[in-house]
Colleague: 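Before I ask anything, here is the structure I am working with.
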Amino acid sequence: MVDQKTIESLINLIKNHDLQSIEVQYGEHSSVQISNRVPTQALIPSREAPLDVSKPHLDASASTALPDASLVAPLVGTVYLAPKPGDKPFVSSGDRINKGDVVCIIEAMKVFNKIQSDRDGVVKQIAVKDGDTVACDQILITFDS
C-alpha cells in the first residue's frame, strides 16, 4: 500500500521536473502511476493554424489538400520509434494515424512518455531516428491531415 506522503512526493516530482507521467513498481503485482493530464493539444502544438471546416471554401485558386501538420516533441529526451528494441515501429511513412494513437516514446529522466497524435492523418515523414535526442518543440513527424 502506498501512503499519502509517497503520492505527494511523486506529484511534486512530476511538477518540478515537467514530466508527463511516472510509474513506480512495488513488488511483482503492485504499482502506482501518476500522470500530469494536460490536454494533448497543449502538449503537442500544431505548426499550422487550425482549418475552419465549418464553412465551404469556394476559392478555386486554393488547393483542395489540407496543409501539412507537424507533431513536435513536448519535452527534451531520447525518442524511441518502437515499443522496445526489435519491435515494429509505432508508425511508418504512409500509415494512417488517428488522434490519440501512440506514435513514439520519449524517455526523460528514466521515465518513458508515450507521445500521442493530436489529430487524424497519414504519416508523411518521420523526422527523427530511433535513439535520437530531441529538443522541446522539435518536429518528430509530419503528416497530411
Side-chain angles (χ1 to χ4, degrees), residues 1-55 57 62-145:
M1 187 75 179
V2 180
D3 61 17
Q4 184 70 25
K5 186 175 179 180
T6 302
I7 291 173
E8 288 172 0
S9 296
L10 293 172
I11 291 170
N12 286 331
L13 182 66
I14 286 176
K15 287 180 181 177
N16 293 336
H17 295 283
D18 196 28
L19 301 174
Q20 287 184 355
S21 67
I22 190 168
E23 183 172 359
V24 179
Q25 185 77 30
Y26 293 96
E28 290 183 34
H29 303 289
S30 179
S31 68
V32 172
Q33 182 177 21
I34 299 175
S35 297
N36 185 1
R37 298 254 181 218
V38 176
T40 304
Q41 187 67 23
L43 289 175
I44 308 172
S46 170
R47 295 285 187 209
E48 300 291 332
L51 181 63
D52 183 3
V53 293
S54 64
K55 300 175 189 170
H57 296 334
S63 170
T64 57
L66 296 175
D68 288 344
S70 298
L71 192 66
V72 298
L75 68 161
V76 175
T78 303
V79 68
Y80 297 106
L81 301 176
K84 55 186 173 180
D87 279 4
K88 181 182 171 194
F90 289 106
V91 295
S92 300
S93 292
D95 286 356
R96 176 114 185 101
I97 59 174
N98 297 308
K99 183 176 182 175
D101 287 351
V102 175
V103 296
C104 64
I105 294 172
I106 296 180
E107 178 187 7
M109 298 181 64
K110 309 277 185 204
V111 176
F112 293 85
N113 300 279
K114 293 179 181 178
I115 308 303
Q116 299 175 325
S117 175
D118 63 345
R119 65 180 75 196
D120 298 340
V122 176
V123 176
K124 185 175 181 180
Q125 177 185 15
I126 299 174
V128 293
K129 293 182 182 147
D130 193 57
D132 280 356
T133 300
V134 295
C136 194
D137 293 330
Q138 178 176 340
I139 294 175
L140 301 171
I141 296 172
T142 59
F143 55 96
D144 295 321
S145 297

Colleague: Looking only at atom types and distance, does a side-chain atom of N98 sit under 3.5 Å from a main-chain N or O of D120, one as donor and one as acceptor?
Modeller: no
Colleague: With rounding to the nearest 0.5 Å, note down the distance linking OG in S93 to NZ in K124.
Modeller: 10.5 Å
Colleague: To check you understand the geometry: which heavy-atom pair defines the closest contact between A73 and A135, and what is its length?
Modeller: CB-O, 3.3 Å
Colleague: Taking I106 as the fixed residue, which of V134, V128, V111 is the one that meets the side-chain contact (heavy atoms from CB on, under 4.5 Å) rule?
Modeller: V134
Colleague: Using side chain to side chain contact (heavy atoms under 4.5 Å, CB included) as the criterion, list what pairs up with P89, not counting sequence neighbours.
Modeller: S92
Colleague: Keeping the roles fixed (side chain from S70, backbone from V72), state whether a donor-acceptor pair exists under 3.5 Å.
Modeller: no
Colleague: So, taking the atom named CG in D144 and the one named CZ in R96, what distance separates them when rounded to the nearest 0.5 Å?
Modeller: 10.0 Å
Colleague: Minimum heavy-atom separation for A127 to I139, with atom names?
Modeller: CB-O, 3.6 Å
Colleague: Could you point out which residue of L75, D101, I105 forms a side-chain contact (heavy atoms from CB on, under 4.5 Å) with I115?
Modeller: L75
Colleague: Tell me every residue that passes side chain to side chain contact (heavy atoms under 4.5 Å, CB included) with V76, counting only those two or more places apart in sequence or in another chain.
Modeller: C136
Colleague: Measuring from I141:CD1 to S117:OG, what's the distance to the nearest 0.5 Å?
Modeller: 8.0 Å
Colleague: To the nearest 0.5 Å, what is the distance between CZ on F90 and NZ on K88?
Modeller: 11.5 Å
Colleague: Quick one: are V103 and L140 in side-chain contact, heavy atoms under 4.5 Å?
Modeller: no
Colleague: So, taking the atom named CD1 in I97 and the one named CD in Q116, what distance separates them when rounded to the nearest 0.5 Å?
Modeller: 11.0 Å
Colleague: Between D130 and L81, is there a donor-acceptor pair closer than 3.5 Å when you use the side chain of the first and the backbone of the second?
Modeller: yes
Colleague: Once side chain to side chain donor-acceptor pair (under 3.5 Å) is applied, do any residues pair with E107, and if so which ones, sequence neighbours excluded?
Modeller: Y80
Colleague: How long is the span from the CG atom in L71 to the CZ atom in F143, to the nearest 0.5 Å?
Modeller: 6.0 Å
